[in-house]
Protein chains: 2
Amino acid sequence: MPKRSYQQYCPTAYSLDVVGDRWTLLIVRDLLFGPRRYTDLLEGLPGIGTNLLANRLKEMEAAEVVRKTKLPPPASSTVYELAERGRQLAPIVMILTDWGLELMPGYVPEEDEVPVVPCLGAMTKLFVGDSAEDMTVEFHINEEVYVVRIEGGQMSIQPGTTPDADLVVYTTPRALMTMLVEHRDPATYLENGEIEIRTGDVSLLKTFTGFFQHPSAA
Amino acid sequence: MPKRSYQQYCPTAYSLDVVGDRWTLLIVRDLLFGPRRYTDLLEGLPGIGTNLLANRLKEMEAAEVVRKTKLPPPASSTVYELAERGRQLAPIVMILTDWGLELMPGYVPEEDEVPVVPCLGAMTKLFVGDSAEDMTVEFHINEEVYVVRIEGGQMSIQPGTTPDADLVVYTTPRALMTMLVEHRDPATYLENGEIEIRTGDVSLLKTFTGFFQHPSAA
DNA sequence: CCGAATCCTTATTGATACTG
DNA sequence: CAGTATCAATAAGGATTCGG
């Protein structure tokens, strides 16, 4: 069966033939911070339906947007990662993210409405380096672990742990997300158990969230 | 009926809830060079189906991406134009265009595969100002007329005519497009009647097309 | 468990005909 | 010209199954 196409001799249309289908750009978003397994993707895309994810990944692989590889032993799990053409789509996801920040609703989301990757995305987009002091934070978000390092006004996000964290936080995605986007007070989440601080203290967490600012506030 | 949504508390997903549906970004593309009438849009989007275009426009209007206005008398036709939020999507269309240039096939397209707007898009994306000398060209593409002015290495495209054109060309979209993208020789098209020069001569047209270069050639 | 393939129901689309 | 209305063809969503 021939894939559906706009049938236009137009670069924009050719692009959308490849990445314009439902879910495709969200898959790119989910691969922006590193390789993911099939099931990670499924979890980050509630509602996609496993057959559709499999199809999309196959199409994206054929278009050289993603690549399927095996992690080195002993992990050895098969993961999907962005190929070169896929990495070139990062600016699009970035602009969509900026554009969508204006559309964020004012309500507190349900817990299953906030996948992990958007939190990382929001971090990169909302970070304002000007007044940021150096610090290293280890975030445990659901089952995933990331090290966020701020150095000289620059922020980096790496998967994995670190021995030298100033702050180690266990959090749900929505707690993290709403603290970043709406500067919601950590106290509420510490009380209901959505956030737990293992190393460091609340004041440090508040300092950290202070480094993030909605562009409309500028 | 509630519109289908990704249901994610994520700026990227919110954006795609609005502009991620089939055809939506192509409509934005078609409005990038100025207001268009309903039927112009239909013509630029072969295959869309008039009900779907009407739906999309309604959704985009509700999302304040496009605005519906009336042209001043005596034209008085209703047109659609980009609103502020819509204009902010221009960078996305641009990146998609860059990305899609790599995907352009090597064949000569059918005539009805090339709408007018992609030609204007290709012009803006492929123009290399470095060696460009000043000139003014009036293009009649199908029923539409545009003035392309090159001044001091800068190019502008305006709808309408001009009395001081160095070159006046009547052309089909595909002739123009393939000359820009693949540097196809005008001679072929002059012979088969797809291009007609009313003012100026072929050498000037060749000079003009020389100002455009595929990024991969750089 | 992971990475899908299958089956079935619902929602969206594409094409055409028709109307103020 | 600017859309509505109708309806068949497709694609998406959800549950279940199946092989490493």
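Protein chains get the first letters and strands the later ones, always in sequence-line order, with residue 1 at the start of each.
The phosphate of D/dC1 has neither OP1 nor OP2 within less than 4.0 Å of any side-chain N or O from B/Ser77. Considering only side-chain N and O atoms, A/Tyr6 lies nowhere under 4.0 angstrom from the phosphate OP1 or OP2 of C/dG14. Of the side-chain N and O atoms in A/Arg22, one or more sit less than 4.0 angstrom from OP1 or OP2 of D/dG13.
Between B/Trp23 and A/Tyr6, the angle of the ring planes goes over 60°, which puts this pair in the perpendicular group of the 30/60° scheme. Using a 30° and 60° split on the angle between ring planes, B/Tyr80 and B/Tyr38 fall in the tilted class, from 30° to 60°.
With distances taken from any side-chain atom of A/Thr39 to the nucleotides C/dC2, C/dA5, D/dA5, the minimum falls on C/dC2. Checked against C/dT13, D/dT6, C/dA4, the side chain of A/Thr50 finds its nearest nucleotide in C/dA4. Here the nucleotide nearest the side chain of A/Ala54, chosen from C/dA5, D/dG13, C/dA15, is C/dA5. Nearest to the side chain of B/Trp23, among C/dT13, D/dA12, C/dA15, sits C/dT13.
For B/Asn51 against C/dT13, no side-chain N or O and base N or O form a donor-acceptor pair under 3.5 Å.
Protein atom CZ of B/Arg4 is 11 Å distant from nucleotide atom P of C/dA11, rounded to whole Å. Computed from coordinates, the A/Leu53 CG to D/dG13 C1' distance equals 13 Å when rounded to whole Å. In this structure, the OH atom of A/Tyr38 is 17 Å from the P atom of D/dG19, given to the nearest Å. Atom pair A/Arg36:CZ and C/dG3:C1' shows a separation of 17 Å (rounding to whole Å applied). With rounding to whole Å, A/Leu42 atom CG is found 13 Å from D/dG13 atom P.
Mapped onto DNA chain C by nearest heavy atom, B/Arg56 and A/Leu57 fall at different nucleotides, with A/Leu57 at the one closer to the 5' end.
No salt bridge links A/Arg85 with A/Glu64; every basic N to acidic carboxylate O contact stays at or beyond 4.0 Å.
Considering B/Leu41, B/Leu31, B/Asp30 as possible partners of B/Val117, the one that fulfils the side-chain contact (heavy atoms from CB on, under 4.5 Å) test is B/Asp30.
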